[in-house]
Amino acid sequence: MSAGRKSRTGKTVRSVKLPLPGRENRSYQIQIGAGAIEKIGNWLRRAAPKSSSRFAVIIADERLVDARAALLASLTSAGWTTHEIPVAAGEGLKNFETIYPLYGDLIKKKAGRDAVLFALGGGSVGDAAGFIAATYLRGIRWVGVPTTLLAQVDSSVGGKTGINHPLGKNLIGAFHQPTLVVCDTDFLLTLSQREMVSGFGETVKYGLIYDPEFYDWLEQNADDFLGRNSDALVHAIERSLAWKAKAVSRDELDRKGVREALNFGHTFGHALEAITEYGTYQHGEAVLWGMRFALALSRVRGHLKTSEFLRAERFLSTLPVPPLPTQLGQARYYEKMIDKMFNDKKVRDGKIHFVLLKKLGKTVSDSEVKRKDIDAAYHLMTSELELAP
Ligand SMILES: NC(=O)c1ccc[n+]([C@@H]2O[C@H](COP(=O)([O-])OP(=O)(O)OC[C@H]3O[C@@H](n4cnc5c(N)ncnc54)[C@H](O)[C@@H]3O)[C@@H](O)[C@H]2O)c1
Ligand SMILES: [Zn+2]
């Protein structure tokens, strides 16, 4: 699935292939390495073999001055004509009013069907720019250049693009796979520690749901990873994306349930984000709480051994994330939170469906979760953990 080689600067670049069966020409590569952006021209040759079609429009997070300069320099030296559209990143970008004028910019710049859109930034830029690429001229090619850890281990791969609606997040969108994704781990050097921990949440998720050996490695190497040792970053991003690529390639449109495991921890996580009005937690921080809840629920439902539950709970609880809202101690607020969880899910006969863990690295689908199980899991997660292993 992946291969390593030295880049011009002597640093290893790893690559993960995302095969899309039956329609081979849409398969794409994800390149991961420190300084990888310098080589983007080489990887783009397949996307634009004729020099006349090397027309790039870059939608870039305006704050990323150095990354923007690096991408522009790399594309220019590879013979690309470049136009840059700097944007303010964040949820405000994933909005119809904000992106509408960007289509005008593309038209005015005479971007034709051969043009390639580049998304330089975190998940908000990738989601919005990918959606513009999916809809402009009924779809043009796009390249992801993710600059946050969350975007590098998760959101830039898989083709889910979209924007928000006042009635809910990510309600408007399209599946539109990129042509290439380049994860330059040097971009992560300027990221806040909070963003690192948030992205680490999604990284640990892959270990918990698919890969016990990777989970062990993450426990052993969390300090190196969060300290941004580039070998540790490259290894963990490659391993995470290899798993994500496998799930996406088996279930591109998220219809067969294969991608469901990737939502581990997200029912509680989404409810926590919603009840705090998206103002308290980064996405991955909410998912870290959500995974602690899902681990507790896995124990309560009798799927996961106490020793494995305690091991994962102890590790996750060492990561610095904002505490749960104190109002959750009040019955009314707690009930509101439970309502949000039930809203997120299909509920049948008062039973709710969850992806839980059977053991570290293996999920189980459980459609029989009852309200009393949820209360017991919440209690277990928030009480002093004194269970015998
Ligand atoms: N499409 C998917 O499959 C998918 C999956 C998960 C999340 N998402 C979406 O991703 C978004 C969240 O992603 P995000 O946290 O990357 O958001 P983001 O783009 O808002 O970035 C977070 C912050 O980091 C800053 N930033 C970006 N790169 C930086 C760098 N290299 N150095 C310093 N600061 C930098 C940004 O300016 C911003 O302030 C949400 O909108 C979510 O819905 C999408
Ligand atoms: Zn997530």
Side-chain angles (χ1 to χ4, degrees), residues 153 197-223 225-226 236 239-240 243 260-273 281 283-325 328-329 334 337-338 341-342 344-345 351-389:
V153 294
V197 172
S198 172
F200 189 65
E202 296 282 5
T203 312
V204 173
K205 182 187 77 182
Y206 295 105
L208 286 173
I209 62 175
Y210 291 134
D211 190 341
E213 194 191 299
F214 183 40
Y215 177 78
D216 281 350
W217 185 93
L218 287 165
E219 272 194 358
Q220 306 289 326
N221 295 278
D223 289 345
F225 181 90
L226 290 169
R239 191 89 165 224
S240 299
W243 284 112
E260 185 190 61
L262 298 169
N263 279 331
F264 180 70
H266 281 61
T267 302
F268 186 93
H270 282 151
L272 191 58
E273 286 182 287
Y281 303 93
H283 175 68
E285 292 174 336
V287 170
L288 276 164
W289 274 117
M291 292 193 297
R292 291 174 68 179
F293 175 80
L295 285 161
L297 189 55
S298 305
R299 170 81 286 275
V300 164
R301 295 283 303 153
H303 301 301
L304 188 64
K305 281 198 295 201
T306 302
S307 56
E308 295 209 308
F309 160 67
L310 284 175
R311 179 179 163 194
E313 162 59 26
R314 283 191 183 126
F315 175 52
L316 296 188
S317 66
T318 60
L319 299 168
V321 298
L324 289 173
L328 272 177
Y334 177 77
M337 170 85 183
I338 299 282
M341 277 213 276
F342 275 73
D344 196 53
K345 289 285 187 174
K351 290 172 188 160
I352 170 168
H353 174 84
F354 270 88
V355 176
L356 298 175
L357 285 201
K358 189 145 78 178
K359 55 184 184 178
L360 296 181
K362 189 105 193 104
T363 57
V364 55
S365 223
D366 186 341
S367 306
E368 297 286 317
V369 177
K370 294 177 210 68
R371 168 64 196 257
K372 71 172 176 41
D373 302 321
I374 289 180
D375 293 342
Y378 181 74
H379 181 73
L380 177 57
M381 174 177 76
T382 51
S383 60
E384 297 296 314
L385 294 163
E386 284 171 1
L387 285 175

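Quick caveat: nothing in here was measured; it's all calculated off a predicted structure.
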Where Val153 and Gly199 come nearest, the two heavy atoms and their spacing: CG2-O, 3.9 Å
Distance-minimising heavy-atom pair for Gly284 and Ser198: N-OG, 3.0 Å
pair Lys358-Glu308: side-chain heavy atoms closer than 4.5 Å: no
For Lys351 against Ser367, the heavy-atom pair lying closest together: CB-O, 3.6 Å
Steps toward side-chain contact (heavy atoms from CB on, under 4.5 Å) verdict (Met381, Phe268): CA-CA 12 Å; Met381 174 177 76; Phe268 186 93; 3.7 Å; yes
Side-chain donor-acceptor pair present, His266, Glu273, cut-off under 3.5 Å: no
Atom pair CG (Leu356) and CG (Leu295), whose distance is rounded to the nearest 0.5 Å: 9.0 Å
Beyond-backbone contact of Ile352 with Ile374, side-chain heavy atoms, under 4.5 angstrom: yes
pair Val300-Phe309: side-chain heavy atoms closer than 4.5 Å: no
Side-chain touch Arg301/Glu368, heavy atoms, less than 4.5 angstrom: yes
Check against side-chain contact (heavy atoms from CB on, under 4.5 Å), Ile338 and Arg371: CA-CA 9 Å; Ile338 299 282; Arg371 168 64 196 257; 3.7 Å; yes
Straight-line distance of Asp216 CG to Asn221 CG, nearest 0.5 Å: 10.5 Å
Least distance between heavy atoms, Pro322 atom then Trp289 atom: O-NE1, 2.8 Å
ring-ring contact (aromatic ring centres under 6.0 Å, His included) involving Phe264 - partner list, sequence neighbours excluded: none
Taking every non-hydrogen atom, the tightest pair across Gly361 and Pro212: CA-CD, 3.8 Å
With Tyr206 via ring-ring contact (aromatic ring centres under 6.0 Å, His included) - residues at least two apart: none
Straight-line distance of Leu272 CG to Phe293 CZ, nearest 0.5 Å: 11.0 Å
Lys205 side chain vs Leu262 backbone, donor-acceptor pair below 3.5 Å: yes
Shortest non-hydrogen contact from Val197 toward Pro320: CG1-O, 3.7 Å
Close side-chain approach of Leu288 and Arg292, heavy atoms under 4.5 Å: no
Worked verdict on Thr203 versus Phe214 for side-chain contact (heavy atoms from CB on, under 4.5 Å): CA-CA 10 Å; Thr203 312; Phe214 183 40; 3.9 Å; yes
Side chain proximity check, Tyr378 to Met337, heavy atoms < 4.5 angstrom: no
Straight-line distance of Thr318 OG1 to Asp223 CG, nearest 0.5 Å: 8.5 Å
Residues Glu219, Arg311: salt bridge by 4.0 Å N-O rule: yes
Value rounded to 0.5 Å, distance of CG in Leu357 from CG in Leu304: 6.0 Å
Short side-chain donor-acceptor distance under 3.5 Å, Asp366 and His303: yes
Centroid-centroid distance, Phe225 to Phe200, less than 6.0 Å: yes
Sidechain-backbone polar pair: Asp373 side chain, Lys370 backbone, donor-acceptor under 3.5 Å: yes
Pairwise side-chain contact, Val204 with Tyr215, heavy-atom cut-off 4.5 Å (strictly under): yes
Leu208 side, atom CG; Ser298 side, atom OG - distance, nearest 0.5 Å: 9.5 Å
Check: His353 and Val369 side chains under 4.5 Å, non-hydrogen atoms: no
